[in-house]
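Side-chain atoms are counted along with the backbone in the values below, which use heavy atoms only and exclude waters and symmetry mates.
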Amino acid sequence: MEIYDFIRLVLITFIITIFIVLFAQRKQTNTVNGFVVSIIAIISIIVSGINLIIMGYIADELGLGGDVVSSYMFLIILGLNILNSFIYFKNKKVKNH
């Protein structure tokens with residue numbers, strides 16, 4: 001279905017962005033700070049959640065079934081953001097000691 005493809009592109013873009021931040025944290029570059037991790041997490045969760053809700057409205061209006069793949073992608077985004085935040089604050093705590 002091409003209706004879901006456009007919204008999946010947004011979700012895939014967020015997943016790639018989160019992985020870039022995750023790898024930047026693992027390299028321990030100074031470009032990633034708490035503000036960057038927090039803002040990316042907040043924006044990606046809010047926009048992905050809104051996209052999921054809009055997809056539900058579109059599916060309801062057109063009489064289509066829901067999209068399970070996009071739901072899983074939202075859960076992946078949520079999990080990766082939690083992992084990013086956990087890794088950042090763990091690394092910050094280790095550096096302070």
Answer with yes or no whether the hydrophobic clustering places [X] together with [Y]; edges join I, L, V, M, F, W, Y residues whose side-chain heavy atoms lie under 4.5 Å apart.
X	Y	result
F86	I40	no
L62	Y57	no
I50	I45	no
F6	L64	no

Rounded to the nearest 0.5 Å, how far apart are [atom1] of [X] and [atom2] of [Y]?
X	Y	atom1	atom2	value
I77	L52	CD1	CG	9.5 Å
I18	N81	CD1	CG	4.0 Å
S70	L75	OG	CG	11.0 Å
N33	Y88	CG	OH	5.5 Å
S48	I53	OG	CD1	11.0 Å
L11	D67	CG	CG	9.0 Å

Below 4.5 Å, heavy atoms only, C-beta onward: do V69 and M73 meet side chain to side chain?
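Yes - at least one pair of side-chain heavy atoms lies under 4.5 Å apart.
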Hey, are the side chains of D5 and L9 touching, using non-hydrogen atoms and a 4.5 Å cut-off?
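Heavy-atom side-chain distance check fails, nothing below 4.5 Å.
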F14 versus S44, closest heavy-atom pair with distance:
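Heavy atoms only, the tightest pair is CD2-CB, 3.5 Å.
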All side chain to side chain contact (heavy atoms under 4.5 Å, CB included) counterparts of I82, not counting sequence neighbours
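Residues passing side chain to side chain contact (heavy atoms under 4.5 Å, CB included) with I82: L78.
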Working for side-chain contact (heavy atoms from CB on, under 4.5 Å), residues V37 and Q25:
CA-CA 10 Å; V37 172; Q25 285 185 65; 3.9 Å; yes
F19 vs L22, test: side-chain contact (heavy atoms from CB on, under 4.5 Å). Steps then yes/no.
CA-CA 5 Å; F19 270 118; L22 181 66; 4.1 Å; yes
